[in-house]
Amino acid sequence: MEEGKSTVRAVDRALDILLCFTVKTDWAMSEIAEHVGLHKSTVHRMLATLEDKGFITRDAATDRYHLGLKVWELSANLSRSDDQATIWLPEMVRLRDRLGETVSIYVRDGTERIRMQAVQSNHPVRRVAPVGVRLPLYAGASSKVLIAYSDQATQESIMRARTWMTAVDTEHYREQLQEVAAQGYATSFEERELGVAALSAPIFNREGKLAAALSVSGPSSRLTEAVMQSYAPIVMEAAKRMGTMIR
């Protein structure tokens, strides 16, 4: 049993080290050790194993670590013809070209949301949306969509999370969720980022289950409340079309 626990712990630590690279692209060993809370000798052994397997590479000139090619080999399998992010991309590009703003797809993971795909605006002043970023679920238009169309038990579980207790007035948030469910879309104005506004609509698969949230975001100086109301039917129709593409 102890051997089994040790193996799980080792895997857990190795994954923590890999997840460092979702924060920034290069790390010194000492920085990784501090970030994950492990002794340098432990991190050194983990990095050596990950480097040997191709998941990590070390720059000999700077002695800093980067993701290796093996990670890109794994990620390539996400671009299969049946991958949602790939299937939806042409529709996202059309929506971006029509509205001129950044278009993103978000999915929920626990009490966070992950941006799984994005098409950047062509405007000189724009909202830049990196893919793969994790964001809190208590702020933003897409967050409201991802919660509003979840079942009641899931909603309550999310709002009982520790991060919500200090960040959100849950009663007011419940009222917003009811409004989102009634009108079919959500908006946000500078809820998470100063100067940024967003509009989001749910994507349901062919079985009627929530698959993701489609979001259009940009500077609040362009995406005013009136503009977003005029965009809402367009975004909802795009989300509907995207839902017919997946099971």
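Reckoned from all heavy atoms, side chains included, excluding hydrogens, waters and symmetry mates. Sequence positions, counted from 1, serve as the residue numbers for this chain.
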| said: Just to verify, what does E112 make a salt bridge (charged side-chain N to carboxylate O under 4.0 Å, His left out) with, not counting sequence neighbours? | reply: R134
| note | dist Q176:CD -> H172:NE2 (nearest 0.5 Å) comes out at 4.0 Å
| note | With sequence neighbours left out, the residues meeting salt bridge (charged side-chain N to carboxylate O under 4.0 Å, His left out) with D26 are R64
| Can you hop from M116 to V93 via hydrophobic side chains spaced under 4.5 Å? | yes
| said: Can you tell me if E225 has over 12 outside heavy atoms packed within less than 6.0 Å of its CD? | reply: no
| Between R13 and T42, is a side-chain hydrogen bond (donor to acceptor under 3.5 Å, both in side chains) present by the stated rule, with each step listed? | CA-CA 9 Å; R13 289 173 172 177; T42 301; 4.7 Å; no
| Under the salt bridge (charged side-chain N to carboxylate O under 4.0 Å, His left out) test, which residues partner D63, sequence neighbours left out? | R58
| task | Could you walk me through whether R174 and E156 pass side-chain contact (heavy atoms from CB on, under 4.5 Å), step by step? | result | CA-CA 10 Å; R174 286 189 179 94; E156 294 302 319; 2.7 Å; yes
| request: Flag the pair R108 / S143 as yes when at least one side-chain heavy-atom distance between them is below 4.5 Å, and no otherwise. | output: no
| Between atom OG of S41 and atom CE of M29, what is the distance when rounded to the nearest 0.5 Å? | 8.5 Å
| Does CZ belonging to R241 count more than 12 external heavy atoms closer than 6.0 Å? | yes
| note | Between the OG atom in S200 and the NZ atom in K144, the distance rounded to the nearest 0.5 Å is 10.0 Å
| field | Heavy-atom pair of closest approach, residues Y231 and L199 | value | CB-CD2, 3.7 Å
Would you give me the side-chain donor-acceptor pairs under 3.5 Å for residues 201-209, sequence neighbours excluded?
unit_1	atom_1	unit_2	atom_2	d
N205	OD1	E207	N	2.9
N205	OD1	G208	N	3.0
N205	OD1	K209	N	2.9
N205	ND2	R247	O	3.3
R206	NE	T244	O	3.3
R206	NE	I246	O	3.1

| request: Please tell me if the side chains of Q229 and Y185 come closer than 4.5 Å, counting only heavy atoms from C-beta onward. | output: yes
| Same apolar cluster (I L V M F W Y, side chains within < 4.5 Å links), L15/V36 | yes
| request: Given side-chain contact (heavy atoms from CB on, under 4.5 Å), test V216 with I234 step by step and report yes or no. | output: CA-CA 11 Å; V216 173; I234 300 171; over 6 Å; no
| task | Keeping the roles fixed (side chain from E191, backbone from G140), state whether a donor-acceptor pair exists under 3.5 Å. | result | yes
| Which residues satisfy the salt bridge (charged side-chain N to carboxylate O under 4.0 Å, His left out) test with R94, sequence neighbours excluded? | E91
| For the atom pair CG (L67) and CZ (F55), what is the distance rounded to the nearest 0.5 Å? | 10.5 Å
| What heavy-atom pair brings T111 and L137 nearest, and what distance separates the two atoms? | O-CB, 3.2 Å
| query | Quick one: CG on L99 to OG on S121, what's the gap to the nearest 0.5 Å? | reply | 10.0 Å
| So, do K24 and E31 sit near enough that their side-chain heavy atoms are less than 4.5 Å apart? | yes
Distance-only check: which donor-acceptor pairs under 3.5 Å involve side-chain atoms of residues 46-54, not counting sequence neighbours?
unit_1	atom_1	unit_2	atom_2	d
T49	OG1	R45	O	3.2

| request: Answer with yes or no whether the hydrophobic clustering places L38 together with V11; edges join I, L, V, M, F, W, Y residues whose side-chain heavy atoms lie under 4.5 Å apart. | output: yes
| request: Answer yes if L135 and Y138 sit in the same cluster of Ile, Leu, Val, Met, Phe, Trp and Tyr residues linked by side chain heavy atoms under 4.5 Å apart, and no otherwise. | output: yes
| request: Would you name the heavy atoms of H66 and F21 that are closest together and state the gap between them? | output: CA-CE2, 3.7 Å
| query | Which pair of heavy atoms, one from L89 and one from V119, lies closest together, and at what distance? | reply | CD1-CG2, 3.6 Å
| query | What are the two closest non-hydrogen atoms of S221 and T224, and how far apart are they? | reply | O-CG2, 3.8 Å
| task | Would you name the heavy atoms of V180 and A148 that are closest together and state the gap between them? | result | CG1-CB, 3.8 Å
| What distance separates S217 OG from Q120 CD, expressed to the nearest 0.5 Å? | 8.5 Å
| Hey, does the side chain of T57 reach the backbone of G68 with a donor-acceptor pair shorter than 3.5 angstrom? | no
| field | W88 side-chain N/O to M242 backbone N/O, donor-acceptor pair under 3.5 Å | value | yes
| field | L223 reachable from F189 in the ILVMFWY side-chain graph, under 4.5 Å edges | value | yes
| task | Let me see the working for N122 and R96 under side-chain contact (heavy atoms from CB on, under 4.5 Å), right down to the final yes or no. | result | CA-CA 8 Å; N122 291 325; R96 187 276 310 275; 3.7 Å; yes
